[in-house]
Protein chains: 2
Amino acid sequence: MPQPLIENPAMAQKVARVLKAIAHPVRLQIIELLESGEMCVGQIVDALHAKYPITSQQLNTMCDRGVLTQRRDGAKVFYRILNPSVSDLLQCLYRNCDSHNTDQT
Amino acid sequence: MPQPLIENPAMAQKVARVLKAIAHPVRLQIIELLESGEMCVGQIVDALHAKYPITSQQLNTMCDRGVLTQRRDGAKVFYRILNPSVSDLLQCLYRNCDSHNTDQT
DNA sequence: TCATTATTTTAGCATATACTAAAATAGTAA
DNA sequence: TTACTATTTTAGTATATGCTAAAATAATGA
């Protein structure tokens, strides 16, 4: 599989869009939370000690970009991961951050 | 290793910065090129069929953000990958894109 | 020094992102 | 209907990003 992105600019665009969709500290934290299952907005706000509108905006951004999906149950709206690639990516990032953090500090 | 990003906002910021640094189609392609070793700007421009100033700007952006490093040799400036995490990330992205692309098309 | 090749920088513009405070909407229950 | 909880939307502002064309800089060799 030599140089897929150079031979396939459309794939480069697609990959870049996924990365941009998650390249934000709060959005990464949200994805991490949702790895253990769906949560409603209020739960996420509490878990992150964040503000409601910002959290809602980030959730909608990720829905728009195909990372998450939502479902309403009564007054509450539950979000969950739609694109499993992002979980894989997070795991990969953890491994890298770990190997960087475990050097003698 | 439970929820490192939520318990460690600084790590969330750091990870987000790495992702933002590479979340661009041309920058991903440049990283892919440099995985096989350092290249000078002109070689990269040719390989990507890109414009000189844009390529130079993207290269400098990635240097500023700790992804690449440069060295001058005479009139030419060679760039190479500094942060090995980004190569790992690319490999992870390939695996995901592959598994998505290999479903019946 | 002058011309040429290699690369970077500048200025300007358009669009995207991120955040805030306030208002609006949706659903539930009295 | 009213009040309350849950969530989204709006308007405004600040900053970041991405691109272009043109000019500037750096190194080399005649």
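Per chain, numbering begins at 1; letters A, B, ... match sequence-line order.
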ask   = Rounded to the nearest 0.5 Å, what separation is found between the CD1 atom of A/Ile6 and the CG atom of A/Asn8?
value = 11.0 Å

task = Using whole Å, report how far CG of B/Leu59 lies from P of C/dA6.
result = 16 Å

inquiry  = How many whole angstroms separate atom CG of B/Leu28 from atom P of D/dG18?
reply    = 11 Å

Heteroatom pairs (N/O) under 3.5 angstrom, protein to nucleotides 9-16 of chain C:
{"residue": "C/dT10", "atom": "O4", "partner": "B/Gln57", "partner atom": "NE2", "Å": "3.2"}

inquiry  = Using a 4.0 Å heavy-atom cut-off, does A/Phe78 contact any base of the nucleic acid, only the sugar-phosphate backbone, or nothing at all?
reply    = nothing

task = Establish, with yes or no, whether the OP1 or OP2 oxygen of C/dC19 is under 4.0 angstrom from a side-chain nitrogen or oxygen of A/His24.
result = yes

ask   = Taking only N and O in the side chain of A/Lys51, is any of them less than 4.0 Å away from OP1 or OP2 of C/dT20?
value = yes

remark   = On a heavy-atom basis, the closest approach of A/Ile81 and A/Ile31 is CD1-O, 3.7 Å

message = Reading DNA chain C from 5' onward, which residue's closest nucleotide shows up sooner: B/Gln43 or A/Gln58?
response = B/Gln43

query = Do A/Arg27 side-chain atoms and A/Ala21 backbone N/O form a donor-acceptor pair below 3.5 Å?
reply = yes

message = Distance check, rounded to the nearest 0.5 Å: A/Leu68 atom CG versus A/Thr61 atom OG1?
response = 10.0 Å

Which atom pairs link the protein and nucleotides 26-30 of chain D when you take only N or O atoms and keep those under 3.5 Å?
none

key: B/Leu19 and A/Leu28, any side-chain heavy atoms less than 4.5 Å apart   = yes

Residue that, paired with B/Glu38, satisfies side chain to side chain donor-acceptor pair (under 3.5 Å) out of B/Gln70, B/Gln43, B/Arg71 = B/Arg71

query = Over how many whole Å does the gap from A/Tyr52 atom OH to D/dC4 atom P extend?
reply = 17 Å

request  = Identify, between A/Arg27 and B/Tyr79, the residue whose nearest nucleotide on DNA chain C lies closer to the 5' end.
outcome  = B/Tyr79

